[in-house]
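The structure under discussion appears below in the form of structure tokens.
Within every chain, numbering begins at 1; the chains are lettered A, B, ... in the order of the sequence lines, protein sequences first and strands thereafter.
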Protein chains: 2
Amino acid sequence: MADVPSREQILDAAERLFSARGFSSTTIKQIGHAAGVNSALLYYYFEDKERLYRAVLERLVSQLVRRTLERLKANASPSDRIRGFIEAQVETFVANPELPRLFMREMLDHHAAHAVEQIQHLAATSFKALCDTIAEGQKQGTFRSDLDPRFAAISTVGQVAYFFLARPAVRILLATGRDIPHQTTLSFARHAADFSLAALTCGVTAERPKWRAP
Amino acid sequence: MADVPSREQILDAAERLFSARGFSSTTIKQIGHAAGVNSALLYYYFEDKERLYRAVLERLVSQLVRRTLERLKANASPSDRIRGFIEAQVETFVANPELPRLFMREMLDHHAAHAVEQIQHLAATSFKALCDTIAEGQKQGTFRSDLDPRFAAISTVGQVAYFFLARPAVRILLATGRDIPHQTTLSFARHAADFSLAALTCGVTAERPKWRAP
DNA sequence: GTCTATAGGTGGATAGAC
DNA sequence: GTCTATCCACCTATAGAC
């Protein structure tokens, strides 16, 4: 708490506040206070509020990309790699509960956007790789081929992301207390993998693709 | 454009702006301008900015609840009702692109929350009803019984919600232009129903449930 | 009902001492 | 590097004329 450089403390505090309250309702003074430094100091390390925000996003996104790509490149069957992808996604979200929220906020705000590049990076790497894995499984005959692999990728990622994003609704539905127990999160991770793989492998036959690029 | 009462115009403008920019970065003056009235008039119709926000949320949530419940109560098989639910969700989101965004923002902000009641209402009615439909399908033997119906409901709702929420990422992945064509949205709706039903019906046997309440 | 004008407060950012 | 003090812009909300 004491020996951490101020710059890091500022980034950590900003990460927490931006994801909890969003960009515009977080004030420079709040961040300074949470980081235990004077708010004027933020301008010593960062040009302005927006640059600070971008620095926070970059740290987080690179982490997610790295972790998910690792698992997808493993030398395993498409099914196992998809399981690995979902595990990596959940692990990253558990370790960094701010990430999905901050990321979703950024997408919601993207019209007045700050960080479209990060989103593009994520979509072009991690998301794309999942997509390719599904397509490979289809080519091998492991997965049913009448699904658009890109749609299937959205479904796979979406259900997990939603679990973490829609916590208030999820908590009510699961009737958990103020917090969702870690065990429940792990159960859902397993469920999500089962659900996606069931959908992907259900009724596999050698029929030709029915979907075409929209 | 001319004969619409000011109150409605204000609500419409507020709905658009709040969902596009969020609560705190939308200003009273922006809303007044977009509604074509003086910003001071907002205080004639609404006590303050937050009450206006709540009024917007209430309108939207009641709409979604009504539409989805209609379909789930129809006198059809669980599979058909789930298809109907997804269709209703997509139709509502298409007709009201602001809804999912505003709703997600509200969930992200729920720590400093304005409208927890609406979220609870939605979770306790629409979401719960989907859950019950899945459980019914399991009891009938149509759906595999080794899935937690609540988890399956989250997966079902989540993939559709994510498609609408993560538009910047989806656009890049699908390589569409600035907008996602309506046809693509319809295709995804069909996909989502196929995906969920495949996952729910895959390998149906008379085995006993493997999941237990978390 | 709808407007003009403005009070009162807060936020981002800078200057400059230490 | 870190702080104090402060400027200016802008935002919510109100007072009061029409």
Side-chain angles (χ1 to χ4, degrees), chain A residues 1-59 98 102 105-106 108-115, chain B residues 1-59 102 105-106 108-109 111-115:
Chain A
M1 197 133 194
D3 267 20
V4 183
S6 292
R7 192 172 191 281
E8 289 304 305
Q9 284 186 293
I10 291 169
L11 274 172
D12 290 345
E15 185 178 307
R16 264 179 287 124
L17 287 167
F18 280 143
S19 54
R21 309 204 220 281
F23 178 76
S24 53
S25 39
T26 299
T27 72
I28 293 288
K29 280 168 192 166
Q30 282 170 352
I31 298 172
H33 182 74
V37 298
N38 189 280
S39 61
L41 187 60
L42 304 215
Y43 291 91
Y44 175 76
Y45 289 110
F46 303 94
E47 282 193 34
D48 56 17
K49 192 185 172 188
E50 195 172 315
R51 303 287 181 120
L52 168 59
Y53 180 66
R54 287 197 197 173
V56 168
L57 268 179
E58 269 163 37
R59 245 189 6 172
E98 306 84 11
L102 200 46
R105 277 192 200 278
E106 186 49 36
L108 293 177
D109 288 342
H110 93 286
H111 277 136
H114 309 276
Chain B
M1 195 140 191
D3 268 22
V4 182
S6 293
R7 191 172 191 279
E8 289 304 304
Q9 284 187 293
I10 291 168
L11 274 172
D12 291 344
E15 185 178 307
R16 265 180 285 124
L17 288 166
F18 280 143
S19 54
R21 308 203 218 279
F23 178 77
S24 52
S25 42
T26 300
T27 73
I28 293 289
K29 279 173 190 165
Q30 282 170 353
I31 298 172
H33 181 74
V37 299
N38 190 281
S39 61
L41 188 59
L42 305 215
Y43 291 92
Y44 176 77
Y45 290 110
F46 303 94
E47 283 193 36
D48 56 19
K49 192 184 172 186
E50 195 172 316
R51 303 288 181 120
L52 168 59
Y53 180 66
R54 288 196 196 174
V56 168
L57 268 179
E58 269 163 37
R59 245 191 5 172
L102 200 46
R105 276 190 199 280
E106 188 49 36
L108 294 176
D109 288 341
H111 278 137
H114 308 276

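- Between A/D12 and A/R7 there is no salt bridge, since no side-chain nitrogen of the basic residue lies less than 4.0 Å from a carboxylate oxygen of the acidic one.
- Nucleotides of DNA chain C nearest to B/K29 and B/S6 differ in position, and the one nearer the 5' end is that of B/S6.
- Atom CZ of B/R51 and atom P of D/dA13 are 11 Å apart (whole Å).
- The CG-C1' distance, from B/D48 to D/dA13, rounds to 9 Å in whole Å.
- We find that B/R54 and B/D48 are not joined by a salt bridge, their nearest charged nitrogen and carboxylate oxygen being 4.0 Å or further apart.
- Nucleic acid contact for B/T26: sugar-phosphate only, since backbone atoms but no base atoms lie under 4.0 Å from a heavy atom of the residue.
- A 4.5 Å side-chain heavy-atom check between B/E106 and B/F18 finds every atom pair outside the cut-off.
- Taking a heavy-atom distance under 4.0 Å as the criterion, the stretch of DNA chain C touched by chain B extends 5' to 3' from C/dG1 to C/dT4.
- In this structure, NZ of B/K49 is placed 16 Å from P of D/dC10, rounded to the nearest angstrom.
- Shortest non-hydrogen contact noted between A/A35 and A/Q9 is CB-O, 3.6 Å.
- Remark: B/R51 pairs with B/E47 by the salt bridge (charged side-chain N to carboxylate O under 4.0 Å, His left out) rule, at least two apart or across chains.
- Looking at heavy-atom distances under 4.0 Å, B/S24 makes no contact with the nucleic acid at all.
- Heavy atoms of B/S39 sit nowhere under 4.0 angstrom from any nucleic acid atom.
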Could you go through B/R105 and A/L108, starting from their C-alpha distance and side-chain angles, then the distance that decides it, and tell me whether this counts as side-chain contact (heavy atoms from CB on, under 4.5 Å)? CA-CA 8 Å; B/R105 276 190 199 280; A/L108 293 177; 3.6 Å; yes
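- The shortest side-chain heavy-atom distance between B/Y53 and B/T26 does not fall under the 4.5 Å cut-off.
- Rounded to an integer number of Å, the gap from B/F46 CZ to D/dT14 C1' is 18 Å.
- Using a 4.0 Å heavy-atom distance criterion, A/L41 is classed as a base contact.
- Ion pair A/R16/A/E98 not flagged as a salt bridge, since none of the NZ, NE, NH1 or NH2 atoms sits closer than 4.0 Å to an Asp/Glu carboxylate oxygen.
- Axis angle, first five pairs versus last five pairs of the helix from C/dG1-D/dC18 to C/dC18-D/dG1: 0°, rounded to 10°.
- Residue A/L11 holds its CG atom at 11.0 Å from OG of A/S6, rounded to the nearest 0.5 Å.
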